[in-house]
There are 2 protein chains.
Amino acid sequence: MPINLHLLRLFAAVAEYQSFSRAAGALYISQPAVSKAVRELERQTGATLLDRSRSPLALTEAGEILYRHAQQIFRTEHAAEIALAHLRDLEQGRLAIGASTTIGAYLLPPILGAFHRRYPKIQLFLDIGHTRDIIERLQSSPLDIALVEGPVEADGLEVTPWREDELVVIAASDSPLGRAHAPSLKRILAAPFVHRESGSGTRQIIDEALRAKGITLPVTLEAADTETVKHLVSAGLGLGMVSAAAIAQELELGRLIVLDAPELRVRRWLSRVQAPIRPVSSALQAFLALLDAEV
Amino acid sequence: MPINLHLLRLFAAVAEYQSFSRAAGALYISQPAVSKAVRELERQTGATLLDRSRSPLALTEAGEILYRHAQQIFRTEHAAEIALAHLRDLEQGRLAIGASTTIGAYLLPPILGAFHRRYPKIQLFLDIGHTRDIIERLQSSPLDIALVEGPVEADGLEVTPWREDELVVIAASDSPLGRAHAPSLKRILAAPFVHRESGSGTRQIIDEALRAKGITLPVTLEAADTETVKHLVSAGLGLGMVSAAAIAQELELGRLIVLDAPELRVRRWLSRVQAPIRPVSSALQAFLALLDAEV
DNA sequence: GATTGGCATAATGACATGTTATCACATCAT
DNA sequence: ATGATGTGATAACATGTCATTATGCCAATC
């Protein structure tokens, strides 16, 4: 039979204030309620807890022992309250985000930076990988949310469009095509092309979108990641097609040039993916607000 | 607003069994009761504690935190139960006994020995002093019980006769009176006498009892304690009058002799003194039983 | 010896906590 | 598919815990 912790709370107050009536006052209840509670606790524990013959009230040995444990219990209870409040006030907590490579590398860092400045106590986990893997980890639950490229066929997942992203054709600024003002589609398609590997989401999107338009890009080279594609392109090995978000720095430095080819324009939606029924932590809530706020 | 620890208990069971219905079974209550309790706890804490979308049931971050604290709380509760049971079963506890010098030195040791052999986990305190001081310490509460000589005028204390004690006249066995078969009262009263100091209870008893009979003993020497009286007497400095309980060893060794003088026979009651309303611990209860049992 | 403060007791009332009945929804074997 | 099974949610209702007010007793104090 467990100890009735409600009665214990009242008894602890009596022990602390060394008086039934003062304890009652502190608890905002009547004195008889406290009297009865302590008496009932004594009945249940089978031990006399208070020496009512002395004034101020004294604890018996059993009362002493029980009181010490009660203090420990209510200290822990208080700690729990504090911890929950911290969680609510975002002064404690974790947030695990999954992202596909391009988003993780180019779009998320500033957002995570802003989040961290605002909620420095929240522990952030960023998991970058292929959409397939990210989705899998979202379903098996270590991830709170995922931001991925392209279409998601998910069982019970909620997919929301987040931002639109454009894939642009890039050339080294010191290459012939880079120096051309507005090269024709024909000239562009005649040039060598550097691509991401076949498995990647970006590559899939590009292939599908262009196939729909009846265009096939030449494949000269495949690279494992966007960063390599950019380096190869700026080294003059050919043209490339990457997310507009990925080349801000190179454009600024004048290393790369965007070739404006309306026929090759590929736009895609970046998606926010969540498990729909799963409870939403305060940290996730705050992160969602930030995602919607940022333009 | 403190956490409702009753609801917390049900929640902790759910967390442990990762199932509402199994938790309900373990608690011997119905499943809806558990459902409602957890829901109410979530309402009160303002946090979602369980992720009901996964199976088996998963804890949210808040639930995780609350569960850890709950475990700590209920561990402490269990420790309290154990401690109280120990107290009840006399496997833990203290017992503080006050005694006047003669009782403490000669009568109590065998009793305390028996008590300790029977209840080795109980911590014993023996406080030996003048009746006056012992009574004072009983009232101001560090002592659970006192065993004293002679009459006690106590305010609200309960005085119960314990054992009868006889004060006997002793002589060194190699002294002239010691060798005499049955010396006359006159011869005894003519001899030098070694007494306890005037403040002691024993001395008071002797003086009063003999004064009632119209007898006054000569005072040759005063000593601070019974042990010294015995040594002085066996060294031949005169006769003495001490508790029969105090000389068992010397009689056995043949050092001292009891002079049988009917006129000088002084009997007194040794008393058990307790604070009447004060709660009685298990240890004290056991000690009282032992006091009554020993003959 | 009346007053005051503190705890106990009794009669009664409100709310917390339990119950049964039932539904909704998955999973799973047939 | 389909019906059996397991699990949780919800609703209506019963119960018992925990509170209240009213009052009495006792000790301390002026």
Side-chain angles (χ1 to χ4, degrees), chain A residues 1-45 48-60 63 139 155-157 275-279, chain B residues 1-45 48-60 63 139-141 154-158 275-279:
Chain A
M1 200 79 63
I3 297 175
N4 183 327
L5 297 180
H6 175 64
L7 302 185
L8 186 64
R9 196 191 294 281
L10 305 197
F11 162 69
V14 173
E16 184 177 343
Y17 290 103
Q18 303 192 314
S19 150
F20 282 75
S21 33
R22 263 178 297 165
L27 295 165
Y28 299 105
I29 60 176
S30 66
Q31 169 264 312
V34 178
S35 269
K36 219 167 59 155
V38 172
R39 198 154 278 283
E40 174 62 17
L41 184 63
E42 287 181 323
R43 198 192 61 73
Q44 288 181 13
T45 58
T48 306
L49 301 173
L50 292 169
D51 183 351
R52 297 161 171 80
S53 73
R54 339 209 97 264
S55 173
L57 234 45
L59 290 169
T60 63
Q139 279 171 322
D155 247 11
L157 294 181
I277 330 167
R278 190 101 50 88
Chain B
M1 199 79 66
I3 296 174
N4 183 327
L5 297 180
H6 175 65
L7 303 185
L8 186 65
R9 195 190 295 280
L10 304 198
F11 162 68
V14 173
E16 184 176 341
Y17 291 101
Q18 304 191 315
S19 148
F20 282 75
S21 34
R22 262 178 298 166
L27 295 164
Y28 299 104
I29 61 177
S30 66
Q31 168 262 313
V34 177
S35 269
K36 220 166 56 155
V38 172
R39 199 154 278 283
E40 175 61 18
L41 184 63
E42 287 182 324
R43 198 192 62 72
Q44 287 181 14
T45 58
T48 306
L49 301 173
L50 291 168
D51 182 352
R52 297 162 171 80
S53 73
R54 339 208 98 264
S55 173
L57 234 47
L59 291 169
T60 64
Q139 280 171 322
S140 68
S141 124
D155 246 12
L157 295 181
E158 185 180 72
I277 330 166
R278 187 100 53 86

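The sequence lines fix the lettering, A, B, ..., with proteins before strands; numbering per chain opens at 1.
B:Ser21 is linked by a side-chain hydrogen bond (donor to acceptor under 3.5 Å, both in side chains) to B:Ser19, counting only residues two or more places apart in sequence or in another chain.
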In B/S/- notation, 5' to 3', how is nucleotides 6-13 of chain D contacted by protein heavy atoms closer than 4.0 Å?
-SBBB---
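The nucleotide range of DNA chain C contacted by chain B, defined by atoms under 4.0 angstrom from heavy atoms of the protein and reported 5' to 3', is C:dT17 to C:dA21.
Taking CZ of B:Arg39 as the start and CG of B:Leu7 as the end, the distance is 13.0 Å to the nearest 0.5 Å. Rounding to the nearest 0.5 Å gives a distance of 8.0 Å between CD of B:Glu40 and CG of B:Asn4. If you take CZ on A:Arg278 and CG on B:Asp51, they are separated by 5.5 Å, rounding to the nearest 0.5 Å. Rounded to the nearest 0.5 Å, atoms CD1 (A:Ile3) and CG (B:Leu5) are 12.0 Å apart.
The two residues A:Phe11 and A:Gly63 come nearest to each other via the heavy atoms CZ-O, 3.6 Å.
Identified under the salt bridge (charged side-chain N to carboxylate O under 4.0 Å, His left out) test for residues 15-28 of chain A, with sequence neighbours left out: none.
Within the 4.5 Å cutoff, no side-chain heavy atoms of B:Leu41 are placed close to those of B:Val38.
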Side chain to side chain contact (heavy atoms under 4.5 Å, CB included) between B:Leu50 and B:Leu59, intermediate numbers included
CA-CA 5 Å; B:Leu50 291 168; B:Leu59 291 169; 3.5 Å; yes
Going by atom type alone, with no hydrogens or angles, which donor-acceptor pairs under 3.5 Å involve a side-chain atom of residues 28-36 of chain A and a protein atom two or more places apart or on another chain?
unit_1  : atom_1 : unit_2  : atom_2 : d
A:Gln31 : NE2    : A:Ser35 : OG     : 3.1

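Within residues 5-16 of chain A, no residue has any heavy atom closer than 4.0 Å to DNA chain C.
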